[in-house]
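As structure tokens, the structure follows; a few thoughts come after it.
As a basis for the values below, the full set of heavy atoms in this structure was taken, side chains included, without hydrogen atoms, waters or symmetry mates. A quick note: this is a predicted structure, and the numbers were derived from the prediction, not measured.
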Amino acid sequence: MNNRIGFGFDVHQFSEGRKLVLGGVEIPSERGLLGHSDADVMLHAVCDALLGAAALGDIGKHFPDTDAAFKGISSLVLLSHVVGLLKEHGFSIGNIDATLVMERPKIAPYVDTMRANIAAAAGIAVERVSVKATTNEGLGFIGTGQGAVAHAVAMIFSHSL
């Protein structure tokens with residue numbers, strides 16, 4: 001087996017009149033993230049980490065924001081599709097580690113559900129999924145509450161030589 005590591009990054013700005021969905025969890029908030037899908041910045045970073053590890057492009061290649069089929073779609077559906085692509089190419093997931101960067105709202109009460117959602121969509125044990133959050137200490141567009149960023153890394157295994 002060959003190990004591969006992928007890194008994912010995504011950013012979305014906050015917008016009035018949108019639901020805030022992170023890690024597949026709708027979080028009470030006066031604003032949500034702007035995007036073509038549900039704008040789940042964390043799951044988008046996870047998808048990119050997995051796709052990158054497998055050298056299969058990025059989320060924009062597979063789910064373009066110009067395609068009406070993906071308008072408002074749950075990013076858990078996108079993640080499940082990415083996992084299917086990995087399987088088609090002979091890969092399995094070792095672990096996923098995601099970090100959310102935003103000032104508020106705090107996500108600590110939702111972390112266990114986020115981990116469970118990611119694990120279920122990825123077809124792996126919840127013990128192999130880590131979700132963390134931090135702030136930007138009031139600095140930059142994140143610190144002023146204009147947006148959120150997520151980083152993710154993933155380890156995958158190739159079953160071919």
Side-chain angles (χ1 to χ4, degrees), residues 1-15 18-27 32-102 107-134 142 147-161:
M1 265 197 275
N2 296 321
N3 299 350
R4 293 181 176 205
I5 297 171
F7 173 75
F9 170 86
D10 197 32
V11 60
H12 286 272
Q13 73 181 58
F14 279 105
S15 177
R18 295 272 306 188
K19 294 178 181 178
L20 180 59
V21 180
L22 299 167
V25 178
E26 188 175 327
I27 297 173
L33 295 170
L34 188 60
H36 185 68
S37 66
D38 63 3
D40 189 329
V41 69
M42 181 180 295
L43 291 184
H44 294 180
V46 168
C47 287
D48 270 346
L50 292 167
L51 289 166
L56 294 175
D58 62 19
I59 195 169
K61 173 184 175 182
H62 294 277
F63 315 108
D65 63 7
T66 55
D67 190 332
F70 304 119
K71 178 77 174 156
I73 195 168
S74 167
S75 294
L76 288 169
V77 173
L78 303 182
L79 177 56
S80 293
H81 183 75
V82 167
V83 171
L85 287 172
L86 292 179
K87 288 179 182 175
E88 287 175 25
H89 287 86
F91 295 104
S92 61
I93 300 170
N95 73 299
I96 296 168
D97 183 11
T99 303
L100 178 69
V101 186
M102 66 182 201
I107 67 159
Y110 310 101
V111 167
D112 289 341
T113 306
M114 290 176 183
R115 290 178 64 219
N117 287 346
I118 294 168
I124 60 176
V126 72
E127 295 80 13
R128 292 163 50 191
V129 176
S130 174
V131 169
K132 305 174 301 297
T134 189
I142 297 168
V149 166
H151 304 267
V153 292
M155 170 81 73
I156 65 170
F157 303 100
S158 171
H159 299 286
S160 62
L161 297 174

Could you tell me which non-hydrogen atom of [X] sits nearest to which non-hydrogen atom of [Y], and how far apart they are?
{"X": "Asn117", "Y": "Gly23", "result": "ND2-O, 3.1 Å"}
{"X": "Arg4", "Y": "Ala53", "result": "CD-O, 3.0 Å"}
{"X": "Leu50", "Y": "Ala154", "result": "CD2-CB, 3.6 Å"}
{"X": "Ala49", "Y": "Ala152", "result": "CB-O, 3.6 Å"}
{"X": "Ala98", "Y": "Met42", "result": "CB-CG, 4.0 Å"}
{"X": "Val41", "Y": "Ala148", "result": "CG2-O, 3.9 Å"}

Just checking Ile5: does its CD1 atom have more than 12 heavy atoms from other residues, nucleotides or ligands closer to it than 6.0 angstrom?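 At most 12 heavy atoms, drawn from other residues, nucleotides or ligands, come within 6.0 Å of this atom.
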
If you count every heavy atom of other residues, nucleotides or ligands that lies below 6.0 Å from Lys132 atom NZ, does the total exceed 12?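 Yes.
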
Can you tell me how far apart [atom1] ([X]) and [atom2] ([Y]) are? Round to the nearest 0.5 Å.
{"X": "Gln13", "Y": "Ile142", "atom1": "CD", "atom2": "CD1", "answer": "13.0 Å"}
{"X": "Cys47", "Y": "Leu56", "atom1": "SG", "atom2": "CG", "answer": "12.0 Å"}
{"X": "Ser37", "Y": "Leu76", "atom1": "OG", "atom2": "CG", "answer": "10.5 Å"}
{"X": "Tyr110", "Y": "Thr113", "atom1": "OH", "atom2": "OG1", "answer": "9.5 Å"}

Taking the side chain as everything from C-beta on, heavy atoms only, tell me whether [X] gets closer than 4.5 Å to [Y].
{"X": "Phe91", "Y": "Leu85", "result": "no"}
{"X": "Leu100", "Y": "Val131", "result": "no"}
{"X": "Val82", "Y": "Phe63", "result": "yes"}
{"X": "Phe9", "Y": "Val149", "result": "yes"}
{"X": "Leu33", "Y": "Leu22", "result": "yes"}
{"X": "Glu26", "Y": "Asp38", "result": "no"}
{"X": "Asn3", "Y": "Phe157", "result": "yes"}
{"X": "Ile124", "Y": "Ile96", "result": "yes"}

Does either side chain, that of His36 or that of Asp65, offer a donor lying less than 3.5 Å from an acceptor on the other one? no

Could you tell me whether a side-chain N or O of [X] sits under 3.5 Å from a main-chain N or O of [Y], the two making a donor and an acceptor?
{"X": "Arg115", "Y": "Ser130", "answer": "no"}
{"X": "Asp97", "Y": "Val153", "answer": "no"}
{"X": "Asp10", "Y": "Ala150", "answer": "no"}
{"X": "Asn95", "Y": "Arg128", "answer": "no"}
{"X": "Asp48", "Y": "Asp58", "answer": "no"}
{"X": "Asn2", "Y": "Ser158", "answer": "no"}
{"X": "His62", "Y": "Leu78", "answer": "no"}

Test side chain to side chain contact (heavy atoms under 4.5 Å, CB included) applied to Asp40 and Met114, step by step: CA-CA 11 Å; Asp40 189 329; Met114 290 176 183; over 6 Å; no

Do the ring planes of His151 and Phe7 sit parallel (below 30°), tilted (30 to 60°) or perpendicular (above 60°)?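 It falls in the tilted class, 30° to 60°.
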
